[in-house]
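Accompanying notes for the structure given below.
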Amino acid sequence: MLELNKSGTDRSEPGRLPAQDPGPDAAPDTRPAGDSPSTGPDASADRVPLRPYLIAGAILCALYFLYAYFQYARFGSPSWDLGIFEQEVRAYAGFDAPVVDIKGPGYLILGDHFSPIVALLAPLYWIWPSAESLLFAQAALFALGAVIVGRTTQQILGGRSGLCVTVAYGLSWGIQEAVKADFHEIAFAVPLLALVCRALLLKRYTAALLWSLPLVLVKEDLGATVAVVGFLLFVYGRRLQGALLAAFGVAAFVVTLVVLIPAASSAGRYDYWTKIDKNGEQDVSMLDSVLGVLNSSVKIEMLVFLIGVTAFMALRSPLTLLIVPTLGWRLLSQDSNHWGMVWHYSAILMPVLFLALADGVRRSRGSHRPWLASYAEVAVPVAAAIAVAMTQHLPLRDLLRPETYRTDDARSRAARAALDAIPAGSRVETDITLMAHLTSDRTVYWVGGAPGTAPDIVAINLDFGWSRPIQDPVAYAEQLHPEARYRLKHRGGSFVVMERTTPEPDRIPGVRDG
């Protein structure tokens, strides 16, 4: 289990990390000095070759991007998020405020989630103005996390453990499901958290502090994770640094949720509180939310698989505390999308857990408990085997299927024909199917989410999964926009494109005058 030094002091030697003492169940290490890899600050990175990890990272980046690219090319985006983030990055690239019309005409996205770090993608977008650039950036960031995790593991454990953990992390279900979910801002948190954990394990405390600071710019809840980094620094004996970082993390968390997001939101509040205190239309008390953290088999399964992918050795490391804030809000949420193993929510937990695995193995190798010491010797290959075995049920398995690479099927051809019927620069209201293919050079609204705008085009996929089948697409467009009239411009397969025949309104919601 987690082994924190209760006193928070180091009584052995200056600079030694108290939480990395083997603990009361440890036996003396009788191996020759050459058999035990150095783990101190002077353990040099030059003893661990970089090239194998760069090659492994490049392979993983290619696999992630290949999957994401062909999902995009087949018009298979699972949500509106890729379109949302492209609108945000496109705004930053044009030195404009991050307005995301998909969320509502003129909607300032910093009033939804606080993720200004996404602006770092603007230079890439100048070169490659497409949603594909975001998918590539995410693939590269996830792969960078694998390089950091794997190389750090080899520095700590030696042997071939680093490459085994690179495979285990790279194929882990949290990363694969995030790749399937298209781009999200948490891609930046993955390598940052890997660097934070690396610095903690190598006793580079100032580096841990510095790498944790940008996390507050990734997403509003990560201030709480930064506070836990501060707590660990405090326990490891860096009391002033730890206390200051913990205070900063708490302050950033509170200020972002209570001040920054409400200031940017048209509603003047942080909308996601309702994920905790509302179940549909029913109010839920905080006590009921707390008592219900494990009230679903989906939640329990997710927790088991989170620790299980590390062969349960992550439980031996204090680093595992870093996953508590993210798990906390997910388990308190009334939204079942937050509970399970799909979507992108578990990706930021993977670098923490796999470096906790490395730390747990190191702590257990000299244990007085023979079974634990023996298990520590095989835990890394077991974790790699678990990741490989699980992949047969995970997204990257699709890369072995020929149909994954077929983008000339009837549905895809019909979708591309619909895109060709939509003029560049037009204002388009559409559903998820075409959305991310339009956001690079059109103003895009979510279907039904832009009243009063009378968009130039309404484009829909009749097979999208509407609650009621759309029998008359033109009548549906005019129902959405009674202020305008539309006619059928294009129909092919399940895709229908309607264009406005009446003049554009004098004032369009969300569009600034002159």
Side-chain angles (χ1 to χ4, degrees), residues 60-89 100 102-103 109 112-113 115 117-118 121 130-146 169-191 193 218-222 272 275 298 301-302 305-306 309 323 326-327 329-330 333 335-351 353 387 390-391 393-399 404 431-437 439 446 464-465:
L60 288 171
C61 179
L63 293 175
Y64 300 152
F65 180 65
L66 198 63
Y67 180 92
Y69 170 78
F70 278 101
Q71 178 174 258
Y72 172 81
R74 297 192 316 273
F75 297 86
S77 291
S79 77
W80 64 356
D81 290 335
L82 182 57
I84 286 173
F85 282 106
E86 186 181 1
Q87 282 192 336
E88 180 179 2
V89 174
V100 173
I102 291 171
K103 291 284 290 184
I109 197 63
D112 184 56
H113 288 302
S115 306
I117 200 168
V118 171
L121 294 178
S130 167
E132 296 155 272
S133 65
L134 277 64
L135 298 176
F136 176 78
Q138 176 168 272
L141 289 166
F142 285 168
L144 176 59
Y169 161 90
L171 298 180
S172 62
W173 61 265
I175 296 295
Q176 290 200 47
E177 291 294 345
V179 170
K180 181 180 180 180
D182 285 337
F183 178 85
H184 289 88
E185 73 286 285
I186 54 88
F188 286 97
V190 170
L193 282 166
V218 176
K219 201 171 181 184
E220 62 275 5
D221 62 294
L222 289 175
Y272 292 92
K275 296 289 186 180
V298 176
E301 178 188 62
M302 183 263 292
F305 277 93
L306 270 178
V309 292
I323 73 173
T326 297
L327 280 183
W329 71 257
R330 289 176 63 187
S333 174
D335 187 343
S336 59
N337 287 313
H338 295 152
W339 304 345
M341 296 171 63
V342 295
W343 301 109
H344 58 287
Y345 302 109
S346 295
I348 64 171
L349 308 181
M350 295 297 115
L353 289 170
M390 287 185 67
T391 296
H393 304 293
L394 292 170
L396 291 185
R397 167 68 187 275
D398 288 351
L399 294 177
T404 296
D431 57 69
I432 290 169
T433 314
L434 299 176
M435 184 173 287
H437 295 262
T439 43
W446 167 245
F464 174 63

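None of these values were measured; they are calculated from a predicted model. Numbering starts at 1 and runs along the sequence shown.
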Partner residues of V309 under the side chain to side chain contact (heavy atoms under 4.5 Å, CB included) criterion, sequence neighbours left out: W173, F354, M390
S133: partners by side chain to side chain contact (heavy atoms under 4.5 Å, CB included), with sequence neighbours left out: L124, Y125, W128
ring-ring contact (aromatic ring centres under 6.0 Å, His included) partners of F305, counting only residues at least two apart: none
Test ring-ring contact (aromatic ring centres under 6.0 Å, His included) applied to Y169 - qualifying residues, sequence neighbours left out: none
By side-chain hydrogen bond (donor to acceptor under 3.5 Å, both in side chains) - contacts of K275 (at least two apart): D335
Euclidean distance, E185 CD relative to L121 CG, rounded to 0.5 Å: 11.0 Å
Check: L135 and Y64 side chains under 4.5 Å, non-hydrogen atoms: no
W446: partners by ring-ring contact (aromatic ring centres under 6.0 Å, His included), with sequence neighbours left out: W80
Rounded distance (nearest 0.5 Å) linking atom NE2 of H184 with atom NZ of K219: 7.5 Å
Point-to-point distance, once rounded to the nearest 0.5 Å, from CH2 of W339 to CE of M302: 10.5 Å
Minimum heavy-atom distance between F183 and L134, given as atom pair plus value: CD1-O, 3.3 Å
ring-ring contact (aromatic ring centres under 6.0 Å, His included) evaluation trace for Y72 with H437: CA-CA 8 Å; Y72 172 81; H437 295 262; 4.0 Å; yes
Set of salt bridge (charged side-chain N to carboxylate O under 4.0 Å, His left out) partners for K180, sequence neighbours left out: none
Contact check, side chains of M350 and F142, non-hydrogen atoms, under 4.5 Å: no
Residue list, side-chain hydrogen bond (donor to acceptor under 3.5 Å, both in side chains) with Q87, at least two apart or on another chain: none
Donor + acceptor pair across side chains of D182, S77 (<3.5 Å): yes
Euclidean distance, L63 CG relative to I175 CD1, rounded to 0.5 Å: 13.0 Å
CG on L222 to CG on L193, rounded to 0.5 Å: 7.0 Å
Test ring-ring contact (aromatic ring centres under 6.0 Å, His included) applied to W343 - qualifying residues, sequence neighbours left out: none
Heavy-atom side-chain contact between L349 and L327 under 4.5 Å: yes
Set of residues satisfying salt bridge (charged side-chain N to carboxylate O under 4.0 Å, His left out) with respect to K103, sequence neighbours excluded: D112
Partners meeting side-chain hydrogen bond (donor to acceptor under 3.5 Å, both in side chains) with T326 (sequence neighbours left out): none
Any residue meeting side-chain hydrogen bond (donor to acceptor under 3.5 Å, both in side chains) with S115, in chain and number order, not counting sequence neighbours: none
